[in-house]
Participant: 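One structure, as structure tokens, below. Some questions next.
Position 1 is the first residue of the sequence; numbering continues from there. Both backbone and side-chain heavy atoms feed into the values below; hydrogens, waters and symmetry mates do not.
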Amino acid sequence: MKGAFTMLMEELRVDDVHYFCNFVRVPPEMFDELLTRVGPRITKKNTRWRRAHSPGVKLSLTLRFLASGNAYRSLHYHWRIPHNTISKIVHEVVLAIIEEYTGEVIRFPCTPQEWRAIAQRFGERWQFWHALGAMDGKHVGLRKPPKSGTLYYNYKHFFSIILMALVDADYSFFWVDIGAPGSAGDAHIFNGSELCEILETQIGPIPQAEPLPGAQRDIPYFLIGDDAFTLKTW
């Protein structure tokens, strides 16, 4: 089947890698790795009634949807696949990616040594010593859920769910909270999280206070956040 995968992406892979990356938000090497690892999970057999869509078509379609947010009916013209089939493909591929990469991409630190390694990287890259991560919330727009009132209506005046993430010095996620309604505040979501409980009770693997480089006084390790979060020693 001729479409964006067999024509446009193959041309971009050869002639313009920058636009390939812009189109699906990953370079060709990462796309090939995803296809190798996720492909077996999304491969289906041809039948007497229909030919199955290839894993490459499914993956490229899903990545383009995630990158652009285009409507299924709009993507239909680029991939030559009905919009109702696209909705099933996106769901299938996203679940396959999660199952394949769970525990590998987003890995929460479990020991004081792992937390110190994050803090060390913050100090080396940003000169912000003892930082264990930077946290903020992101509103992900969605259609108003039926019978939800204003629960998902946020202060930016659109409907959303909230993605809250904690990232290291290289912008990699290692803790996420996804799905809180848009009307909730960042502090409210964080205060109800397991991560906050670990920090409040100090029963987790967070390292004890230590001196900053070249200093004598013990300084606690801490998270970085904006003024939406309550100021604490951590």
Participant: Do any N or O atoms from the side chain of Thr201 and from the backbone of Glu197 form a donor-acceptor pair under 3.5 angstrom?
Facilitator: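 Yes, the answer is positive, given that a donor and an acceptor are paired below the 3.5 Å cut-off.
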Participant: Would you say that Leu34 contacts Tyr101 through its side chain, given a criterion of any heavy-atom pair below 4.5 Å between the two side chains?
Facilitator: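 Of all side-chain heavy-atom pairs linking Tyr101 with Leu34, at least one is under 4.5 Å.
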Participant: Hey, could you give me the CG/OG distance between Leu142 and Ser148, rounded to the nearest 0.5 Å?
Facilitator: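 If we round to the nearest 0.5 Å, Leu142:CG and Ser148:OG are 8.0 Å apart.
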Participant: At what distance, to the nearest 0.5 angstrom, does CD1 of Ile161 lie from CG of Leu151?
Facilitator: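 It comes to 12.0 Å.
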Participant: Measure from the side-chain N and O atoms of His139 to the backbone N and O of Ile162, and report whether any donor-acceptor pair falls under 3.5 Å.
Facilitator: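 Absent.
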Participant: Can you find a heavy atom in the side chain of Ile219 that is under 4.5 Å from one in the side chain of Trp129?
Facilitator: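 Not touching, per the 4.5 Å side-chain cut-off.
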Participant: Taking all atoms of both residues into account, what is the closest heavy-atom pair of Gln208 and Tyr221, and its distance?
Facilitator: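 Between these two residues, the closest heavy atoms are O-CE1, 3.3 Å.
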Participant: Considering only heavy atoms from C-beta outward, does the side chain of Leu35 approach that of Pro55 to under 4.5 Å?
Facilitator: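 With C-beta onward as the side chain, the pair touches.
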Participant: Can you tell me how the ring of Phe23 sits relative to the ring of Trp79, calling it parallel under 30°, perpendicular over 60° and tilted otherwise?
Facilitator: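 Parallel.
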Participant: Determine the interplanar angle of the Trp126 and Tyr171 rings, folded into 0 to 90°, and report it as parallel if under 30°, tilted if 30 to 60°, perpendicular if over 60°.
Facilitator: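 Answer is perpendicular, since the angle exceeds 60°.
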Participant: Could you walk me through whether Ser160 and Asn154 pass the side chain to side chain donor-acceptor pair (under 3.5 Å) check?
Facilitator: CA-CA 7 Å; Ser160 65; Asn154 62 49; 2.8 Å; yes
Participant: Return the CZ to CD1 distance between Phe174 and Ile118, rounded to the nearest 0.5 Å.
Facilitator: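 That separation rounds to 4.0 Å.
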Participant: More than 12 heavy atoms of other residues, nucleotides or ligands under 6.0 Å from NZ of Lys144: yes or no?
Facilitator: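 Yes, because the 6.0 Å sphere around NZ of Lys144 holds more than 12 heavy atoms from other groups.
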Participant: How many angstroms lie between CZ in Phe122 and CG in Leu132, if you round to the nearest 0.5 Å?
Facilitator: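 The CG atom of Leu132 is 8.5 Å from CZ of Phe122, to the nearest 0.5 Å.
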Participant: Once you measure the plane-to-plane angle for Phe20 and Phe31, does it fall in the parallel (<30°), tilted (30-60°) or perpendicular (>60°) bin?
Facilitator: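 Rings of Phe20 and Phe31: perpendicular, as their planes differ by over 60°.
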Participant: Is any side-chain N of the basic residue among Glu92 and Lys88 closer than 4.0 Å to the acidic one's carboxylate O?
Facilitator: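 No.
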Participant: If you measure from NZ on Lys45 to CZ on Arg51, what distance do you get to the nearest 0.5 Å?
Facilitator: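 So the gap between those two atoms works out to 15.0 Å.
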Participant: Is there a side-chain contact between Ser74 and Phe65, using heavy atoms and a 4.5 Å cut-off?
Facilitator: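 No, too far: nothing below the 4.5 Å cut-off.
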Participant: Given side chains that start at C-beta, do those of Leu223 and Phe229 come closer than 4.5 Å, heavy atoms only?
Facilitator: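 No, their side chains stay 4.5 Å or more apart.
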Participant: With a cut-off of 6.0 Å (strictly less than), are more than 12 heavy atoms of other residues, nucleotides or ligands near CZ of Arg125?
Facilitator: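 Buried by this count: over 12 neighbours within 6.0 Å.
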Participant: Is the CZ atom of Arg25 crowded by more than 12 outside heavy atoms at less than 6.0 Å?
Facilitator: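 Yes, the 6.0 Å shell around CZ holds more than 12 heavy atoms from other groups.
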Participant: How long is the straight-line distance from NE2 of His53 back to CD1 of Ile42, given to the nearest 0.5 Å?
Facilitator: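 Ile42 CD1 to His53 NE2: 12.0 Å, rounded to 0.5 Å.
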Participant: Which of these passes side-chain contact (heavy atoms from CB on, under 4.5 Å) with Phe5: Leu59, Val24, Val57?
Facilitator: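 Single side-chain contact (heavy atoms from CB on, under 4.5 Å) partner of Phe5 among Leu59, Val24, Val57: Val57.
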